[in-house]
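Each residue takes its place number in the sequence, starting with 1.
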Amino acid sequence: MSMVMAYPVLNWFLTSKHHARQPLMNRRSKLRIAGLLFALVANLSGFSQSTYSQHLLAHRENYKAEFLKSPKSPLKKEDLKNLRFYDPDSMYRVEATVQRTPQAEPFDLPTYDGQKKSYVPYAVLTFRIHGKPYQLTLYRSLQLARLPQYRDYLFLPFKDATNGRETYGGGRYIDLRMGDVKEGKIVIDFNKAYNPSCAYSDGYACPIPPRENHLAVAVEAGEKNYELRVKN
């Protein structure tokens with residue numbers, strides 16, 4: 001939305017054919033009002049982006065802390081400093097249309113260590129990046145569905161054009177919940193895309209993103225390649 005549409009007073013001042021005939025003091029007053037409105041819009045925009053960045057940084061600190069809670073974690077405390085991320089970018093926080101797939105059949109999703117895990121397609125998500133439409137399929141793990149604390153857990157694995165260069169070649173994941181779907185919409189925040197455990201060490205059963213979830217676009221958001229893994 002342009003600022004003249006957002007602020008009717010400013011809209012009138014900038015578009016009126018008669019403002020040139022107003023008294024000088026009146027015109028100066030309007031100019032001061034216009035300047036204040038421009039400053040207000042700039043401050044609000046900056047605050048919004050700043051607030052989002054702070055939220056995302058807090059999310060990433062919690063993400064790092066999760067590695068220390070399990071003895072099976074691929075990373076130790078001293079490894080966390082080597083995690084790398086793209087700068088926060090709200091452009092990659094997109095709203096998607098949710099098309100449920102209630103008749104979808106369960107299937108076995110291969111993992112990078114040669115195993116298989118059972119999933120069922122939950123919905124097809126349609127969204128835009130850089131103005132172009134894309135789709136991803138959202139899945140539900142049948143194994144996790146048996147656990148009360150993960151019953152509403154949804155899994156979004158994907159690949160994109162950054163894989164093998166700036167991000168892990170095996171793709172990345174995003175976690176969602178059934179409750180995130182509201183009125184047929186869901187927000188996909190690619191800034192929260194994270195690496196599978198296989199990005200840090202071998203021996204983990206990391207699901208391989210299906211071909212239908214390969215995006216022909218560079219998603220420059222979320223977690224990057226693990227620094228030590230790249231050097232090795």
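Taking 4.5 Å as the limit, every side-chain heavy atom of V94 sits out of range of all side-chain heavy atoms of V187. Side-chain contact between L154 and M178 is present, with heavy atoms from C-beta onward closer than 4.5 Å. Between C206 and T111 there is no side-chain heavy-atom pair separated by less than 4.5 Å. The shortest side-chain heavy-atom distance between P88 and R60 falls under the 4.5 Å cut-off. Taking the side chain as every heavy atom from C-beta outward, I188 and L156 approach each other to under 4.5 Å. Annotation: side chain of K192 is in contact with side chain of L56 (closest heavy-atom distance under 4.5 Å). Residues Y200 and L83 form a side-chain contact, since some pair of their non-hydrogen atoms from C-beta on lies under 4.5 Å apart. Proximity of I129 to V219: side-chain heavy atoms (C-beta onward) are separated by under 4.5 Å at one or more points.
Although no hydrogens or angles enter the test, the distance criterion places no donor-acceptor pair under 3.5 Å between the side chain of T101 and the main chain of A104. Proximity of a side-chain donor or acceptor of T162 to a complementary backbone N or O of E166 within less than 3.5 Å is not detected. In this structure, N195 contributes its side chain and K224 its backbone to a donor-acceptor pair below 3.5 Å. Distance alone, capped at 3.5 Å, is enough to place a donor-acceptor pair between the N225 side chain and the Y168 backbone. Using a distance-only test at 3.5 Å, with no hydrogens or angles considered, no donor-acceptor pair links the side chain of H59 to the main chain of Q54. Checked by atom type and distance alone, the side chain of K117 pairs as donor or acceptor with a backbone atom of A205 at under 3.5 Å. Formation of a donor-acceptor pair under 3.5 Å by the D180 side chain with backbone atoms of I186 is not found in this model.
Applying the ring-ring contact (aromatic ring centres under 6.0 Å, His included) test to F158 and every residue at least two apart in sequence or in another chain returns F190. F155 is linked by a ring-ring contact (aromatic ring centres under 6.0 Å, His included) to Y119, Y173, counting only residues two or more places apart in sequence or in another chain.
Scanning all heavy atoms of the two residues, the minimum distance from T137 to P121 falls at CG2-CB, 4.0 Å. Here the closest heavy-atom approach between residue N213 and residue P157 is recorded as ND2-O, 2.7 Å. Between A193 and I174, the shortest heavy-atom contact is CA-CG1, 3.8 Å. For the residue pair Y122 and R100, the shortest heavy atom distance occurs at O-NH1, 2.5 Å.
Using cut-offs of 30° and 60° for the angle between ring planes, the Y92 and H130 rings count as perpendicular.
Within a 6.0 Å radius of CG in D87, no more than 12 heavy atoms belonging to other residues, nucleotides or ligands are found. Around CD of Q99, the count of heavy atoms belonging to other residues, nucleotides or ligands within 6.0 Å does not exceed 12. Shown here is R211, whose CZ atom has no more than 12 heavy atoms of other residues, nucleotides or ligands within 6.0 Å. Few gaps surround CD on E78; more than 12 heavy atoms of other groups in view lie less than 6.0 Å from it. The environment of NZ in K77 is sparse: at most 12 heavy-atom neighbours from other residues, nucleotides or ligands sit within 6.0 Å.
Here the OG atom belonging to S141 is positioned 8.0 Å from the CZ atom belonging to R146, to the nearest 0.5 angstrom.
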(message) Assess the residue pair Y112 and D202 against the criterion (side-chain hydrogen bond (donor to acceptor under 3.5 Å, both in side chains)); give the C-alpha distance rounded to whole Å, side-chain angles, the decisive distance to 0.1 Å, and a yes or no.
(response) CA-CA 9 Å; Y112 282 112; D202 297 328; over 6 Å; no
(message) Applying side-chain contact (heavy atoms from CB on, under 4.5 Å) to L80 and L68, what does each step give before you reach the verdict?
(response) CA-CA 10 Å; L80 300 183; L68 308 181; 4.1 Å; yes
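When ring centroids are compared, Y139 and F107 come within the 6.0 Å threshold.
At least one test fails for K76 against the ring of F67: distance under 6.0 Å to the centre or angle within 45° of the axis.
Within the structure, every pair that satisfies the salt bridge (charged side-chain N to carboxylate O under 4.0 Å, His left out) test and touches residues 170-179, not counting sequence neighbours, is listed here: D152-R177, D160-R172.
Cluster membership for Y86 and M91, using ILVMFWY side-chain heavy atoms within less than 4.5 angstrom, is not shared. Both Y194 and Y150 are part of a single hydrophobic cluster, where members link through side-chain heavy atoms under 4.5 Å apart. The hydrophobic clustering, which links ILVMFWY residues whose side-chain heavy atoms are closer than 4.5 Å, places L142 and Y153 apart.
In summary, the side chains of E223 and Y63 do present a donor paired with an acceptor at a separation below 3.5 Å, with no hydrogens or angles considered.
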